[in-house]
Amino acid sequence: MEGCAVVLTIDEVNDILDQICGEFPEDLFQELNGGVLLLEDAMPDPEAGEDVYIMGEYCVDELGRYINIYYGSFAALLFDEPKHVWEDELRITLRHELTHHVEGLAGERSLEYKDSAQLDAMRHGEDWNQES
């Protein structure tokens with residue numbers, strides 16, 4: 001059944017996300033006082049065109065530092081994908097958001113600038129070159 005496409009429930013995704021969080025060193029979660037939250041929402045980007053969703057988001061505000069992962073975005077894009085693809089994409093997204101967290105603690109914003117350039121290119125219908 002591993003290769004079969006399936007829409008995972010939010011509870012199943014939450015369990016997978018908990019497991020993936022356990023794969024990372026605890027030190028990466030220091031000062032992430034709000035933790036990693038799985039939200040039901042889908043976060044489409046209407047300026048970037050169809051099928052462009054925000055999968056996760058690193059947040060720093062009056063509530064502290066936390067990571068939002070958007071279940072609805074995963075469900076919209078991965079509805080016909082097998083479970084292992086969901087797991088891979090969740091792992092990639094969490095790694096990406098943890099990188100934002102670590103960079104934020106260090107006063108670095110390289111990944112933020114890279115994300116902004118990628119989204120801007122997508123919004124303008126341009127190919128995005130990671131090397132630039």
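Note: hydrogens, waters and symmetry copies are ignored here, and every other heavy atom, side chains too, is used.
- Connection of Leu28 to Ile92 is not established within any shared hydrophobic cluster, with ILVMFWY side chains joined at heavy-atom distances below 4.5 Å, either directly or through further cluster members.
- No option in Ile20, Asp18, Asn14 other than Ile20 meets the side chain to side chain contact (heavy atoms under 4.5 Å, CB included) test with Ile16.
- Rounding to the nearest 0.5 Å gives a distance of 10.5 Å between NE2 of His100 and OG of Ser110.
- Tyr70 and Trp86 fall into different hydrophobic clusters, where Ile, Leu, Val, Met, Phe, Trp and Tyr residues are linked whenever their side-chain heavy atoms come under 4.5 Å apart, directly or through other members.
- A distance of 4.5 Å separates CG of Leu94 from CZ of Phe24, quoted to the nearest 0.5 Å.
- Between the side chain of Asn68 and the main chain of Leu37, no donor-acceptor pair closer than 3.5 Å is present.
- The main-chain N or O of Leu111 is found under 3.5 Å from a side-chain atom of Glu103 such that the two form a donor-acceptor pair.
- One hydrophobic cluster, built from ILVMFWY side chains closer than 4.5 Å, cannot hold both Leu63 and Ile67; they sit in different ones.
- Side-chain atoms of Met55 and Leu77, non-hydrogen and from C-beta on, do get closer than 4.5 Å to each other.
- Annotation for Glu26: atom CD does not count as buried by contact number, only 12 or fewer foreign heavy atoms lying within 6.0 Å.
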Problem - Evaluation steps, side chain to side chain contact (heavy atoms under 4.5 Å, CB included), between Gln19 and Asp15 - result: CA-CA 6 Å; Gln19 177 186 358; Asp15 290 344; over 6 Å; no
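- Taken to the nearest 0.5 Å, the CG atom of Asp41 stands 12.5 Å off from the OH atom of Tyr71.
- For the side chain to side chain contact (heavy atoms under 4.5 Å, CB included) criterion with Phe74, the lone passing option out of Ile10, Leu17, Ile69, Val13 is Ile69.
- Glu12 has no carboxylate O lying under 4.0 Å from a charged side-chain N of Lys83, or vice versa, which leaves the two without a salt bridge.
- Between Asp115 atom CG and His96 atom NE2 the span is 3.5 Å, to the nearest 0.5 Å.
- The side-chain heavy atoms of Val36 and Glu97, taken from C-beta on, include no pair separated by under 4.5 Å.
- Remark: Tyr58 engages His101 in a ring-ring contact (aromatic ring centres under 6.0 Å, His included) (not counting sequence neighbours).
- Of the possible donor and acceptor atoms, none in the side chain of Ser116 sits under 3.5 Å from a partner among the backbone N and O of Glu112.
- Of all non-hydrogen atoms in Tyr53 and Ala42, the two that sit nearest each other are CE2-CB, 4.1 Å.
- Here the CG-CG distance, from Leu78 to Leu8, works out to 9.0 Å after rounding to the nearest 0.5 Å.
- Atoms CG and CD, on Leu105 and Gln30 in that order, are 9.0 Å from each other to the nearest 0.5 Å.
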